[in-house]
Amino acid sequence: MSSTTGTISGSAERWGPLWGARPADWALSEDQQIPTYEEALRRVELEPGQLVLDIGCGVGAFLRLVCDRDARAFGIDASETLLAVARERVPDGDLRVGDMEALPYDDDTFDLVTGFNSFFFANDIVAALREAGRVAKPGAPVIIQVWGQHERNDLEAMKELVRPFMPPRPADAPPEPDYAKPGVLEDIATQAGLTPERAFDTTWAYEYPDDDTLRRALVAPAGIAVLVGPDHEQEVKDAILAGLVSHRTPDGGYRLRNEFRYLIARA
Ligand SMILES: C[S@@+](CC[C@H](N)C(=O)[O-])C[C@H]1O[C@@H](n2cnc3c(N)ncnc32)[C@H](O)[C@@H]1O
């Protein structure tokens, strides 16, 4: 299948260079989320030959599972460098750089549309979900995944630490709700014209074998290393390590339990 590099704008322009700054280090975390993708796939019927679009597909960990089930993988992401990794893993996929708020696909195309921890990077999440629903076939499932309740996420300490470095939302962007609160995803999906079907939570753990891997892995997401800058990178890495020291395992590694919240909605 084809691999296209398109133009990017909006939230993709803001996030693409940041998310794409350290693809291999980001893959250290994304690849550990496979059990959470399996959990989602167990709840929808995916048949060989069906067309699946993953929005904000990153390095392609989910799309690899799609190919393994003989379905056809389509991915879009703001970052060309993350897609370069995804192309190696999903050589038969159709992988494009683009913006989730303006998807480059025809109406009613896909049998399943997913967004794992990606939709909330849109300037307007309702607009992004409306696009997801537009390109899904009528009645097809749209899987929306977000972080679960803060107190159930060991990564919360690290997120608190880096939040002040995150780029501000555009002045005209709608306010961000707390997506983990019961009913919030359902409300947003409904506003986007989707029909919420069922929500569920799943817990799993990121594991890093040593201090150095933890530091590298945790300044990769969302371009944290770029945002803090070279002068402060080590300082922030050390602060992250200190914030997570209680999750150290007897062998010197780290185990961080987290929760994702999912909504399966229908187009
Ligand atoms: C938290 S990562 C999730 C990656 C992968 N889906 C996963 O499960 O780990 C968020 C992804 O959304 C992408 N992204 C952010 N804003 C985007 C936009 N406006 N359009 C398309 N992709 C976007 C980023 O480049 C990044 O790959």
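Model, not experiment: these values are computed from the prediction. Each ligand, and each atom within it, is numbered from 1 in the order the structure gives.
The closest approach between any non-hydrogen atom of Gly98 and ligand 1 is below 4.0 Å. In this structure, Phe62 has no heavy atom closer than 4.0 Å to ligand 1.
A heavy-atom distance below 4.5 Å is not found between the side chains of His247 and Arg255. You'll find the side chain of Tyr254 stays beyond 4.5 Å of the side chain of Thr213, heavy atoms only.
Between Glu80 and Arg87 there is a salt bridge, with a side-chain nitrogen of the basic residue lying less than 4.0 Å from a carboxylate oxygen of the acidic one. Salt bridge Arg134/Asp107: present, at least one basic N to carboxylate O contact under 4.0 Å. Between Arg261 and Asp201 there is a salt bridge, with a side-chain nitrogen of the basic residue lying less than 4.0 Å from a carboxylate oxygen of the acidic one. A salt bridge links Arg69 with Glu38: the distance from a Lys NZ or Arg NE/NH1/NH2 to an Asp or Glu carboxylate oxygen falls below 4.0 Å. With respect to Arg72 and Glu47, no salt bridge is recorded, no charged nitrogen being found less than 4.0 Å from a carboxylate O.
Among the atoms of Phe116, some N or O lies under 3.5 angstrom from an N or O of ligand 1. Here's the thing with Asp77: one of its N/O atoms is less than 3.5 angstrom from an N/O atom of ligand 1. An N or O contact shorter than 3.5 Å is missing between Gln145 and ligand 1 by distance. Looking at Tyr37 next to ligand 1, an N or O pair under 3.5 Å apart turns up. Distances between N or O atoms of Ala12 and those of ligand 1 include at least one value under 3.5 Å. For a threshold of 3.5 Å applied to N or O pairs, the pair formed by Trp19 and ligand 1 contains no separation below that value. Residue Ala122 places no N or O, backbone or side chain, under 3.5 Å from any N or O of ligand 1. Considering both main-chain and side-chain atoms, Asp99 comes within under 3.5 Å of ligand 1 through a nitrogen or oxygen pair. Looking at ligand 1, you won't find any N or O of Phe121 less than 3.5 Å from one of its N or O atoms. The distance criterion of under 3.5 Å between nitrogen or oxygen atoms is met by Gly56 with respect to ligand 1.
Counting heavy atoms closer than 4.0 Å to ligand 1, residue Gln33 contributes side-chain atoms (C-beta onward) but none from N, CA, C or O. Contact annotation for Trp147 and ligand 1: no heavy atom of the residue comes within less than 4.0 Å of the ligand.
Ring-plane geometry between Phe116 and Tyr262 is classed as perpendicular, the angle between the planes exceeding 60 degrees on a 0 to 90 degree scale with a lower cut at 30.
Residue Leu82 has at least one heavy-atom neighbour below 4.0 Å for each of these atoms of ligand 1: 27 (O). Residue-ligand proximity, Gly58 to ligand 1, at heavy-atom distances under 4.0 Å covers atoms 27 (O). Each of the following atoms of ligand 1 lies closer than 4.0 Å to a heavy atom of Ser11: 19 (N).
Atom CG of residue Leu185 and atom CG of residue Leu129 lie 8.5 Å apart, to the nearest 0.5 angstrom. Put simply, OH on Tyr179 and CD1 on Ile144 are 11.0 Å apart, with the number rounded to the nearest 0.5 Å.
Linking ILVMFWY side-chain heavy atoms closer than 4.5 Å, directly or via other members, places Leu155 and Phe165 in a single hydrophobic cluster.
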